[in-house]
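Right, one structure below, let's go through it.
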Amino acid sequence: MKTVLYIHGKGGNASESTNYERLFPDCKVIGLDYNSYSPWETGKEIHEAVVSLKTEFESIILIANSIGAFFSMNANLNSLIEKAYFISPLVNMEKLICNMMNRANVTEAELEQRKIIPTDFGEELSWEYLCYVREHPLNWLVPTSVLCGENDNLTL
């Protein structure tokens, strides 16, 4: 039997996985509510969930939304899943962070010195996060289909 694992984006939750049950009627669709929000911690959570599912299911299809796609690509899943579907995936996290730094008028030197800087648009800039993204380039080899809107300025 096949399963579909859904990884939500920021502000989402595992119950969104029910939206995909009609698209995969022959699969068990499961959502994962991750408990952390850094790529190194969330990637580990996703990896452990997929390894656990592999003991029960012969094949795993991944659906990931927004930052959930980025977290999934940091989860070392290349040999564990059959196919992936990404919805408005965030894949160039360094560019996104640098754009947020520009918007917040924060220099790289300032971020390195202060480590974490809250912004007036509700995001925290993190030196550790930026360094992680730079030191861990994505190595995604899974056959993947991407869906995004033509005016989506955060994707790809």
What I'd like to find out is whether the side chain of P39 reaches to under 4.5 Å of the side chain of Y132, using heavy atoms alone. yes
List, by chain and number, the other hydrophobic cluster members for L141, where Ile, Leu, Val, Met, Phe, Trp and Tyr join if side-chain heavy atoms come within less than 4.5 Å, directly or indirectly. none
Are V146 and P89 side-chain neighbours, meaning at least one heavy-atom pair lies under 4.5 Å? yes
Is any side-chain heavy atom of T144 closer than 4.5 Å to one of K83? no
What heavy-atom pair brings L111 and M101 nearest, and what distance separates the two atoms? CD2-SD, 3.8 Å
Going through the distances and angles, do T119 and E124 end up as a side-chain hydrogen bond (donor to acceptor under 3.5 Å, both in side chains)? CA-CA 6 Å; T119 66; E124 276 191 346; over 6 Å; no
Could you list the residues that satisfy side chain to side chain donor-acceptor pair (under 3.5 Å) with N99, not counting sequence neighbours? none
Taking atom CG of N35 and atom CG of D33, what is their separation to the nearest 0.5 Å? 7.5 Å
Residue pairs passing the side chain to side chain donor-acceptor pair (under 3.5 Å) test with at least one member in residues 57-70, sequence neighbours excluded, are S59-E82
Side chains of I7 and I63, heavy atoms from C-beta outward: is any pair under 4.5 Å? no
For V91 against L138, the heavy-atom pair lying closest together: O-CD1, 3.3 Å
W40 versus E128: any side-chain heavy-atom pair under 4.5 Å? yes
Between the side chain of T42 and the main-chain N/O of S36, is any donor-acceptor distance below 3.5 Å? yes
Short question: side chain of N78, backbone of N139 - any donor-acceptor pair under 3.5 Å? yes
Hey, does R114 have a side-chain heavy atom less than 4.5 Å from the side chain of L125? no
In this structure, would M100 and F71 fall into the same cluster of hydrophobic residues linked by side-chain contacts under 4.5 Å? yes
For a side chain to side chain contact (heavy atoms under 4.5 Å, CB included) with Y34, tell me which candidate from K44, E41, E45 qualifies. E45
Can you see which heavy atom on L77 is nearest to which on V142, and at what distance? O-CG2, 4.2 Å
Any side-chain heavy atom of V133 within less than 4.5 Å of one from F70? yes
Could you pull out all donor-acceptor pairs under 3.5 Å where a side-chain atom in residues 18-29 meets a protein atom, sequence neighbours excluded?
residue : atom : partner : partner atom : Å
T18     : OG1  : S15     : O            : 3.0
N19     : ND2  : E16     : O            : 3.1

Give, for atom CG of L32 and atom CD1 of I46, the distance between the pair rounded to the nearest 0.5 Å. 6.0 Å
Taking the six-membered ring for Trp, are Y6 and H8 parallel (under 30°), tilted (30 to 60°) or perpendicular (over 60°)? tilted
Does any non-hydrogen side-chain atom of V50 lie less than 4.5 Å from one of L5? yes
Does S52 use its side chain to pair, donor to acceptor, with the backbone of E48 at less than 3.5 Å? no
Worked verdict on F86 versus W140 for ring pair (Phe, Tyr, Trp, His ring centres under 6.0 Å): CA-CA 12 Å; F86 289 164; W140 186 251; 5.5 Å; yes
Where do S17 and G31 come nearest, in terms of heavy atoms and distance? OG-N, 3.5 Å
Report the residues that fulfil side chain to side chain donor-acceptor pair (under 3.5 Å) with K54, sequence neighbours left out, ordered by chain and then residue number. none
Under the rule for side chain to side chain donor-acceptor pair (under 3.5 Å), what residues qualify as partners of R134, not counting sequence neighbours? E94, E108
Could you see if W127 belongs to whatever hydrophobic cluster contains I116? Use Ile, Leu, Val, Met, Phe, Trp, Tyr and a side-chain cutoff under 4.5 Å. no
Measure the OG-CD1 distance between S88 and I67 for me, rounded to the nearest 0.5 Å. 13.0 Å
